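Here's the structure, in structure tokens; my notes come after.
Each residue takes its place number in the sequence, starting with 1. On a predicted model such as this, the values are computed, not experimentally measured, just so you know. When a ligand or atom number is given, it counts from 1 through the structure's own listing order.
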Amino acid sequence: MPAQSFDQLRSAFRGELIQPIDAAYDSARKVYNGMIDKRPKLIARCVDVADVIAAVQYGRDNQLLTAIRGGGHNGAGLGTCDDGLVIDMSHIKGIRVDPTARTVRVEAGCVWGDVDHATHAFGMATPCGFISTTGVGGLTLGGGIGYLTRQYGLTIDNLLSVDMVLADGRFVTANPNENSDLFWAVRGGGGNFGVVTSFEFRLHPVSMVNFGPTFWPLEQAADVLRAYRKFIVDAPEYVNGFFAFLVVPPAPMFPEHLHLKTVCGIVWCCTGSAEQTEAATRPMRTVGQPLLDHVGPAPFPVVQSTFDGLFVPGLQWYWRADNFTELSDEAIARHVEHGSKIPTMLSTIHLYPLNGAAQRVGRNDTAYSFREALFCEVIVGVDPDPANAETITKWCKDYWEALHPHSAGGAYVNFMMDEGQDRIQAAFRDNYSRLAAIKKKYDPTNFFRVNQNIRP
Ligand SMILES: Cc1cc2nc3c(=O)[nH]c(=O)nc-3n(C[C@H](O)[C@H](O)[C@H](O)COP(=O)(O)OP(=O)(O)OC[C@H]3O[C@@H](n4cnc5c(N)ncnc54)[C@H](O)[C@@H]3O)c2cc1C
């Protein structure tokens, strides 16, 4: 068969085909991380599954390096590539809620704000992340850690089924009954196995939540962390609160005397009633003398989008992450040392609690492996100014290196940069060889390799 020509693709394609000569090219090639500056040959902005099939066939016939772009939020820039093809899903955005079955079918170009909007109308939500602009595609396929993790598990723990286009252009469904090996692999294995065109998720009754921060001065950070490591183990699962070192933004919602001050804090999101939240979080919120303590009712979609205005697209972004099964006194000392040296206003470090529902899934039940972790630590260097790229990267690496010896090892593929094959294998541990076999079955030529790559 002769390779499909560009004209043949054009005649089969309903969406936009954007090339370097087109006016839309420079905005279409941008991804979230301002450090990433890649120039693909062609961006195939699909509008339906037929477009995805055509794009995959074109990429394969012409042996193009092919990236899949969902929300474009990947830190390492894995939603794009140089000199190749980008299959851009961002215009495939349908959502259908089934309120009776408590499920939602989400097309792959949606971001989490789209899903929250649709499901909140029915008083429901599915576990997602901490920002509403992140893509459903990448976040889900890597695992999905967020405000509802302790109570309802990772995003993949609520995934019921996916539709996919495979490397050979075939369209398949994967769920516990059909192509169950593939379904296991996509729950944590990233975009290695094909282009997911839609996701079906289980919904939970989440509507209003109790949300807000407690901030403490840096001098109390060690006491707060020591209290937090115990508190979060015993807290009811409707309590979610991630720990952070942060610089208080100069926003009207914070008292002026705290503006631009480096503090530590916990950001709460609790699905219990106001009274339950108050009683359950009181032991932590009364540690030391907080600088600020404000937890109140908020609709879940508002919570999900609270930080969107701070973390806008185009910022310089460098991050590193690790899993922790415990937080030793020595680890706490290193946190206080490096957390006190946050280099720019938007840089931050978060400890996301992973205990509760996410831990009740076995380490071999999904490709995502680190089920015994108590925390996922993510250190994020962020700044609008490219001149600060080196400073934020260095702070992040130094911090990570200081904490890594205290970690449980491994990694979380969604919080990785280009960190090499060892880190990828470490993320999947004994699941890696099974993933490699599934990769070999569904993508033997490694056509989908712009990702944290599992080699066939
Ligand atoms: C501001 C910000 C906040 C974040 N918050 C969280 C959080 O709270 N919790 C969390 O777990 N993670 C979070 N992340 C990390 C996020 O999960 C990853 O960066 C993820 O890769 C982003 O997915 P995306 O679709 O937006 O990215 P993209 O860059 O579009 O894609 C990322 C990867 O996923 C693959 N992919 C995307 N869509 C598809 C598809 N339809 N089919 C097959 N492969 C696909 C791509 O090939 C690529 O390898 C956050 C990231 C940012 C930048």
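Below 3.5 Å of separation, one finds no N or O of Val136 facing any N or O of ligand 1. Where the criterion is an N or O separation shorter than 3.5 Å, residue side chain and backbone included, His73 meets it with respect to ligand 1. Not a single N or O atom of Tyr352, backbone or side chain, sits closer than 3.5 Å to an N or O atom of ligand 1. Every N/O-N/O distance between Ala108 and ligand 1 stays at or above 3.5 Å. Any N or O atom pair closer than 3.5 Å counts here, and Gly129 shares no such pair with ligand 1. For ligand 1, the polar-atom distance check against Gly135 finds a nitrogen or oxygen pair separated by under 3.5 Å. Checked by distance only, ligand 1 and Leu141 stay at 3.5 Å or farther apart across all their nitrogen or oxygen atoms. Distances between N or O atoms of Gly71 and those of ligand 1 include at least one value under 3.5 Å.
Closest to atom 50 (C) of ligand 1 among all protein heavy atoms lies Trp319 CH2, 3.6 Å. Residue, atom and distance of the protein heavy atom nearest to atom 4 (C) of ligand 1 are Thr134 OG1, 3.6 Å. In terms of protein heavy-atom proximity, atom 48 (C) of ligand 1 is closest to Leu78 O, 3.3 Å. Atom 17 (O) of ligand 1 has as its closest protein heavy atom Asn414 ND2, 3.2 Å. Nearest non-hydrogen protein atom to atom 21 (O) of ligand 1 is Asn74 ND2, 3.0 Å. Regarding atom 11 (O) of ligand 1, its nearest protein heavy-atom neighbour is Tyr412 OH, 2.6 Å. With hydrogens left out, the protein atom closest to atom 7 (C) of ligand 1 is Ile145 O, 3.4 Å, a heavy atom. Counting only heavy atoms of the protein, atom 43 (C) of ligand 1 lies nearest to Gly194 O, 3.2 Å.
Set against the non-hydrogen atoms of Asn451, the atoms of ligand 1 under 4.0 Å away are 49 (O). Heavy-atom proximity to Arg69, at under 4.0 Å, picks out these atoms of ligand 1: 30 (O). Atoms of ligand 1 lying under 4.0 Å from at least one heavy atom of Val450, given by number and element, are 47 (O), 49 (O). Counting the atoms of ligand 1 from 1 in the order shown, those under 4.0 Å from a heavy atom of Phe130 are 7 (C), 8 (O). Short contacts between ligand 1 and Gly191, defined as distances under 4.0 Å to a heavy atom of the residue, involve ligand atoms 43 (C), 44 (N). Taking a cut-off of under 4.0 Å to the non-hydrogen atoms of Val196, the atoms of ligand 1 that pass are 40 (C), 41 (N), 42 (N), 43 (C).
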For this session: Evaluate salt bridge (Lys or Arg N to Asp or Glu O under 4.0 Å) for Glu200 paired with Arg105, printing each intermediate quantity in order.
Result: CA-CA 4 Å; Glu200 188 185 4; Arg105 171 65 70 171; 3.5 Å; yes
Problem set entry | Test salt bridge (Lys or Arg N to Asp or Glu O under 4.0 Å) applied to Arg423 and Asp322, step by step | CA-CA 10 Å; Arg423 287 278 287 163; Asp322 257 326; 3.4 Å; yes
Problem set entry | side-chain hydrogen bond (donor to acceptor under 3.5 Å, both in side chains) evaluation trace for Asp163 with Thr173 | CA-CA 4 Å; Asp163 285 344; Thr173 294; 2.9 Å; yes
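Both the sub-6.0 Å distance and the 45° axial angle are not jointly satisfied by Arg449 relative to the ring of Phe447. For the pair Arg429 and Phe370, the cation-pi criterion (under 6.0 Å, within 45° of the ring axis) is fulfilled.
Ring geometry for Tyr147 versus Phe130: interplanar angle over 60°, hence perpendicular rather than tilted (30 to 60°). Between Trp268 and Phe231, the angle of the ring planes goes over 60°, which puts this pair in the perpendicular group of the 30/60° scheme.
When every heavy atom of Asn33 is checked against every heavy atom of Gly75, the shortest pair comes out as ND2-O, 2.8 Å. The heavy-atom pair separating Gly15 from Asp51 by the smallest distance is N-OD2, 2.9 Å. Listed here is the closest heavy atom pair of Pro127 and Thr155: O-OG1, 2.8 Å. The two residues Gly59 and Leu85 make their nearest non-hydrogen contact at CA-CD2, 3.7 Å. Annotation for Gly79 and Arg69: closest pair O-CB, 3.2 Å, computed over non-hydrogen atoms. Closest approach of Asn414 and Gly144 over heavy atoms only: ND2-N, 4.3 Å.
Between Ala67 and ligand 1 there is no heavy-atom distance shorter than 4.0 Å. Heavy atoms of Phe193 stay at 4.0 angstrom or farther from ligand 1. The closest approach between a heavy atom of Gly72 and any atom of ligand 1 is below 4.0 Å. Residue-ligand proximity: Phe415 is placed with a non-hydrogen atom under 4.0 Å from ligand 1. Distances shorter than 4.0 angstrom do not occur between any heavy atom of Ser90 and any atom of ligand 1.
Considering Thr155, Ile68, Asn33, Thr149 only, the shortest heavy-atom separation from atom 46 (C) of ligand 1 involves Ile68. Around atom 34 (O) of ligand 1, the closest heavy atom drawn from Gly138, Cys128, Gly79 belongs to Gly138.
When each of Thr126, Thr119, Asn158 is paired with His204, the side-chain hydrogen bond (donor to acceptor under 3.5 Å, both in side chains) condition holds for Asn158 and for no other.
Within a 6.0 Å radius of NE2 in His259, other residues, nucleotides and ligands contribute more than 12 heavy atoms. Within 6.0 Å of atom NZ in Lys341, more than 12 heavy atoms from other residues, nucleotides or ligands are found, so the atom counts as buried in its surroundings. The local environment of CZ in Arg14 is sparse, with at most 12 non-hydrogen atoms from other residues, nucleotides or ligands closer than 6.0 Å.
Here the side chains of Pro456 and Lys441 are not in contact, with every heavy-atom distance at 4.5 Å or above.
Contacts between Ile131 and ligand 1, counted as non-hydrogen atom pairs separated by less than 4.0 Å, involve the side chain only. Residue contacts with ligand 1 for Phe448 are absent, since no atom lies close enough (heavy atoms, distance under 4.0 Å).
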